Novice: 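The structure's right below; bear with me while I get my questions together.
For clarity, every value in this text was computed on a predicted model and none was experimentally measured.
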2 protein chains.
Amino acid sequence: MSRTTMRDVAREAGVSIATVSRVVNGVDAVAESTRRRVLEAIRRLNYSPNLVAKSLVHRGTRNVALFVPDIMNPFFPAIARGVADAVASEGYTVVLCNTDDSTEPGPHFERLLRGNFVDGAILCGTAWDAAPLSELIPADLPVVVMDRRVPGLRADSVEIDNRLGGLMATRHLLDVGCRRILHLGGPVGVSTAEGRLAGYLEALCSGAADERDAAEADSDLITRGPFRAESGYSRTRAALESGLSFDGIFAANDLLALGALQALRQFGRRVPEDVAVIGFDDIYMAALALPPLSTVAQPTYRLGTIAGRMLMDRLDRSASPAQPPAHPQPEPKRVVLEPSLRIRESTRRERVQGSEEE
Amino acid sequence: MSRTTMRDVAREAGVSIATVSRVVNGVDAVAESTRRRVLEAIRRLNYSPNLVAKSLVHRGTRNVALFVPDIMNPFFPAIARGVADAVASEGYTVVLCNTDDSTEPGPHFERLLRGNFVDGAILCGTAWDAAPLSELIPADLPVVVMDRRVPGLRADSVEIDNRLGGLMATRHLLDVGCRRILHLGGPVGVSTAEGRLAGYLEALCSGAADERDAAEADSDLITRGPFRAESGYSRTRAALESGLSFDGIFAANDLLALGALQALRQFGRRVPEDVAVIGFDDIYMAALALPPLSTVAQPTYRLGTIAGRMLMDRLDRSASPAQPPAHPQPEPKRVVLEPSLRIRESTRRERVQGSEEE
DNA sequence: GGGTGGGCTGGAAACGTTTCCACCCTCCGG
DNA sequence: CCGGAGGGTGGAAACGTTTCCAGCCCACCC
């Protein structure tokens, strides 16, 4: 029933447990003849070491936790993969947890982080407050926050410049001649959504100042809601039904944009001729949509690998014997990546200046 | 540095370690006054139990491993989520591993399964042989195989009836009037791909027997390759360039079908008028494609929950004290789900002939 | 008033490793 | 011939829990 243990191997090979351990880990010197004997016994008994026991001694499982709102959301798999690849190179594996946009860290969180089951954690897109979080996270447990920010939490972070992304997207729409741009925004209070909206507003204001015909910043043109396709669909539909006029859509993520495309199609609006549409994220299916969706690309996979690497760095450091003089924990690092414009058919128009509209 | 342990709590509360353990786990009787004292000490010291140590004693971490080829492939996130939800209800968490279609279980596999780091495992879409697998998997470690089959491996399995799915898809194309159906098949030797092809062939043969004009089963119409969008694109393109004539495409998965749509569009073939297209899996973006893609739906999330539940059942059983008389391990279970047709625009045509059926 | 039994509690042995320490050789230099 | 160095090895104490077992105390019953 019980699996074979070091003690069994030791007995079989006629040596002590300590020696078996030395052979298995390749540390210290052990005579070649004994080594062979032990190896042979291991093979015969089909032994492999118990990592749980090992972890207990070493005070470190080689696991890291990754929290995402929902792995089914197409934005996260690439991140998960990036994290997994980055940490795998150091022998770590990923424990995945879906948080479902819960407002508080659940029992899973507590179990994993406080129970010493993981050596570190990556929080991606979680909507938790800094206060309960810093109380819950053990002091010696490195954490990396990505995507959304958690203001006040002392932890490394990786994100993209959402404001810049929003600016780029909106400028692009202005460049292709849009004058009334509907913004399908994300949830209120979420840092990514706020940043993108800020960029949108900034583009409109600075646009008004320069030589082109003033684009309108109309509060009717701004909607907020969850980052989901259905929400994009229903909000666009509502806009169309209400007779609101617009010739461009900047959606705060691709799912919203895809929903918008569906609504526009249903109402017979041509994209990009009648309405140009741009999304955010560059999820896989953006390129496959019809028309292929222009979008602000986030290097999701790379975001994941960077977060993974940051975590590995912390872990290396905390494992190292000599501590740097004063600060046991160096300052939190913050990495901000630049998004990039990926222009596809959904905004590909003749540059028309002051031509027919709607 | 070191986190607070039971010993600390015991000292603080002036009781023995054993008593603290009893309070924490709520077993045995402990006097209300001591209980309160211990609880108070726990709160003061901000203690939480070390799960690694607990696991060592109990011989069970509450973790299960999930192996998928690539979480970035849109087919798998829903499965992962299903598994996670199913096992979460029993307090288990999921350790995720990407196998990248490797031909052999890698070091991760060995580390996790043999190192007692997980109590069970789910193998999804892995292309490993039964022989090395059964050698590697500890006898007391329950495993569930899903999606692809691993012939010869003694383990529970969940899958859908791929042959039936292929049959349904092909029959549907025949029903809407297709006579020369291109099959974009999956890799040779993979059970899912083989099943779908078998269904395709079966539909064509039985179709030839009945009253409608004979549909042609032409070996030129059958291609095989990886389950990827690019492959669907290039194979369809090649078919179009070679002048092969066809009026329908049955793709062995949705990614292939999406690639095919792209190629058809590029060559100016209208879908569904010139070529009707049907895929397999019903991934999220199938509905968002243009035209929305008809497909054979697999209940992926449900597949995941079922696999998770099967694993939980095995774990409950192996944890239960009394063993049923003879067989310590009951026979492997096999669940086969039926796929269902999801008809969208990509095959919506006038019924050319007079056939009127469901 | 001496069992008897039950509620509470503590000691200590597990669980399967790693690693410190001590020991025994053998071999070498003086 | 002796001292010491150092390679090879084993014993045993950790790591932080659970749980068995034994013991204490007190109330209760004959």
Novice: According to a strict under-4.0 Å criterion, is B:N25 in side-chain N/O contact with OP1 or OP2 of D:dT18?
Specialist: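 Affirmative; the distance criterion is met.
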Novice: Grab the CG-P distance between B:L51 and D:dG16 for me, whole Å please.
Specialist: 13 Å
Novice: Can you tell me which nucleotide in C:dG11, C:dT18, D:dG11 comes closest to the side chain of A:A18?
Specialist: D:dG11
Novice: Can you tell me how far C1' of C:dC15 sits from CG of B:N116, to the nearest Å?
Specialist: 11 Å
Novice: Is any side-chain nitrogen or oxygen of A:S21 closer than 4.0 Å to OP1 or OP2 of C:dT17?
Specialist: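 Indeed not, no polar side-chain atom of A:S21 lies that close.
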Novice: Within this structure, what is the NE2-to-C1' distance between B:H58 and D:dC20, rounded to whole angstrom?
Specialist: 13 Å
Novice: Can you tell me how far P of C:dA14 sits from CZ of B:R59, to the nearest Å?
Specialist: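 In whole Å, C:dA14 P and B:R59 CZ are 12 Å from each other.
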Novice: Closest approach to the side chain of B:N50, judged atom by atom: which nucleotide of C:dG10, D:dT17, C:dT17 is it?
Specialist: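 Of the candidates, D:dT17 comes closest.
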Novice: Side chain of A:K54, heavy atoms from C-beta onward: which of C:dT17, D:dT18, D:dG16 has the nearest atom to it?
Specialist: C:dT17
Novice: Check the orientation of A:F109 and A:W128. Use parallel for under 30°, tilted for 30 to 60°, and perpendicular for over 60°.
Specialist: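 Perpendicular: the ring planes of A:F109 and A:W128 meet at over 60°.
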Novice: Tabulated below should be each protein N or O lying under 3.5 Å from an N or O of nucleotides 7-9 of chain C; please produce it.
Specialist:
residue: C:dT9; atom: OP1; partner: B:T34; partner atom: OG1; Å: 2.6
residue: C:dT9; atom: OP2; partner: B:A31; partner atom: N; Å: 2.9
residue: C:dT9; atom: OP2; partner: B:T34; partner atom: OG1; Å: 3.2

Novice: Let me know the distance between CD1 of B:I42 and P of D:dT17, rounded to the nearest Å.
Specialist: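 Those two atoms, CD1 and P, are 10 Å apart.
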Novice: Establish, from distance only, whether the side-chain atoms of A:R3 and B:N116 form a donor-acceptor pair under 3.5 Å.
Specialist: yes
Novice: Roughly, in whole Å, what's the span from CG in A:L56 to C1' in C:dA14?
Specialist: 13 Å
Novice: Could you go step by step and tell me if A:V94 and A:V83 meet the side-chain contact (heavy atoms from CB on, under 4.5 Å) rule?
Specialist: CA-CA 8 Å; A:V94 172; A:V83 171; 4.1 Å; yes
Novice: Looking at A:D28 and A:R22, does any basic side-chain N land under 4.0 Å from a carboxylate oxygen?
Specialist: yes
Novice: Rounding to an integer number of Å, can you tell me how far A:I17 CD1 sits from D:dG11 P?
Specialist: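 In whole Å, D:dG11 P and A:I17 CD1 are 9 Å from each other.
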Novice: Does a donor on one side chain and an acceptor on the other come within less than 3.5 Å for B:R114 and A:N46?
Specialist: yes
Novice: Considering only NZ, NE, NH1 and NH2 on the basic side and carboxylate oxygens on the acidic side, decide whether B:D85 and B:R309 come within less than 4.0 Å.
Specialist: no
Novice: Side-chain donor-acceptor pair under 3.5 Å between A:T99 and A:S102, yes or no?
Specialist: no
Novice: Taking 4.0 Å as the cut-off, does a side-chain nitrogen or oxygen of B:R7 come that near to OP1 or OP2 on D:dC15?
Specialist: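 Checking B:R7 against D:dC15: no side-chain N or O falls below 4.0 Å of OP1 or OP2.
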